[in-house]
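We count ligands from 1, going down the list as the structure has it; atoms in each ligand are counted the same way. What's counted below: heavy atoms across the whole structure, side chains too, no hydrogens, waters or symmetry copies. The structure displayed is predicted, hence computed values, not measured ones.
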Amino acid sequence: MLRIGDVLDAASVIPVLEVPNIDVVEPLANALARGGLRVVELTLRTDCALEALSRMKDCAPELIVGIGTVRTALDIERSRAAGADFLVSPGTSKALMAAMQGAKMPALPGVATASEAMTLFEAGFTALKLFPAETSGGIAHLKALNAALSDILFCPTGGINADKAVDYLALPNVACVGGSWIATKAMIEDGDWVTIEENAKIAASIKS
Ligand SMILES: O=C(O)C(=O)C[C@H](O)[C@H](O)COP(=O)(O)O
């Protein structure tokens, strides 16, 4: 089984995807993989998300595919059953933290504050999703967190684009960044695989 360090080593930018139907999965996965990205996050925001995960693992076995918008223990169980490589949550309730610990799967639990980061770190999570990154303080917030909590790594997500990703990834406590800009809902619905591949190429060229 992968560890969270393996996921972070494979990705500087993680596209956060909202998949409207199963038919888009193969061309979407191909565009992202052709662009050079190796890790993706499929959000549980559409009914077909778990079916999309299984399909993506079949048609693009080279991709590491996580499930995002995880909120409950049931979400974790269903994600595991569908073959998820890792879990991502927007925030972390006490119950979700316990379920993530019990799941023994790689995870990026969501936090926005120093207290939340410390609570998750004490529970054994060394890499955390910072969400929503831009509105919770962005780069300045991460610099301040690093002064006190330099042993905690973050994957900021929320409001980031290709230009901002470069600045985030220059920070010592940022392991990767997530975002929907690479493949927006509109691009996926329009089947704009050319733009998605181009965005993926640009994203894949950014290094942490
Ligand atoms: O669904 C989740 O689990 C979330 O936490 C939300 C997503 O990560 C953001 O919607 C991505 O942010 P944008 O790049 O600003 O679109």
Side-chain angles (χ1 to χ4, degrees), residues 4 7-8 11-20 24 28 32 35 37 39-50 52-53 56 64-80 82 84-93 95-97 99-100 103 105-113 116-117 120 125 127-139 141-142 153-169 174-190 192 195-196 198-200 202-204 206 208:
I4 193 61
V7 178
L8 301 180
S12 292
V13 175
I14 301 180
V16 177
L17 309 172
E18 196 174 326
V19 171
V24 304
L28 175 60
L32 293 168
L37 293 176
V39 180
V40 309
E41 175 188 332
L42 281 171
T43 61
L44 284 178
R45 286 190 257 159
T46 55
D47 291 342
C48 67
L50 291 170
L53 167 71
M56 198 173 273
I64 296 172
V65 188
I67 284 287
T69 329
V70 168
R71 295 182 59 178
T72 66
L74 181 61
D75 289 342
I76 294 175
E77 277 325 303
R78 293 172 67 219
S79 302
R80 183 207 294 285
D85 291 312
F86 67 102
L87 307 167
V88 188
S89 67
T92 316
S93 67
L96 183 62
M97 181 172 83
M100 278 183 164
M105 285 175 67
L108 290 169
V111 301
T113 68
E116 291 163 8
L120 269 294
F125 297 94
L128 308 170
K129 167 167 171 165
L130 181 76
F131 179 78
E134 281 284 285
T135 53
S136 67
I139 301 258
H141 189 48
L142 281 157
L153 288 172
F154 293 93
C155 174
T157 307
I160 299 179
N161 57 28
D163 288 339
K164 288 177 185 170
V166 176
D167 297 333
Y168 275 99
L169 285 163
V174 170
C176 61
V177 303
S180 63
W181 86 88
I182 304 116
T184 63
K185 197 175 171 199
M187 287 174 206
I188 296 172
E189 281 171 356
D190 292 349
D192 190 356
T195 301
I196 291 173
E198 188 53 34
N199 288 346
I202 295 166
I206 308 170
S208 57

In the protein, which heavy atom is nearest to atom 2 (C) of ligand 1, and how far is it? T69 OG1, 3.2 Å

Regarding atom 12 (O) of ligand 1: of the candidates P156, G179, G158, which has the closest heavy atom? G158

What's the shortest distance from atom 7 (C) of ligand 1 to any protein heavy atom, and which residue and atom give it? R45 NH2, 3.4 Å

Measure from the side-chain N and O atoms of R78 to the backbone N and O of L50, and report whether any donor-acceptor pair falls under 3.5 Å. no

Nearest 0.5 Å, please: how far is CD1 in I206 from NZ in K164? 13.0 Å

Out of all atoms in ligand 1, which are within 4.0 Å of some heavy atom of T157? Include the element for each. 8 (O), 11 (C)

Which heavy atom in P132 sits nearest to a heavy atom in T135, and how many Å separate them? CG-OG1, 3.1 Å

When distances are taken from atom 5 (O) of ligand 1, the protein heavy atom at minimum range is K129 NZ, 2.8 Å

dist M105:CE -> I76:CD1 (nearest 0.5 Å) comes out at 8.0 Å

Using distance alone, decide if ligand 1 has a nitrogen or oxygen within less than 3.5 Å of any nitrogen or oxygen in S89. no

With heavy-atom distances below 4.5 Å as the criterion, would you say the side chains of L8 and V39 are in contact? no

What protein heavy atom is closest to atom 14 (O) of ligand 1, reported as residue, atom name and distance in Å? S180 N, 2.9 Å

So do the side chains of L169 and V13 get within less than 4.5 Å of each other, counting heavy atoms only? yes

To check your reading of the model: name the closest protein heavy atom to atom 15 (O) of ligand 1, its residue, and the distance in Å. G159 N, 2.7 Å

What part of E134 sits under 4.0 Å from ligand 1 if we count only heavy atoms: the side chain, the backbone, both or neither? neither

Does the side chain of R45 come within less than 4.5 Å of K185's, by heavy atoms? no

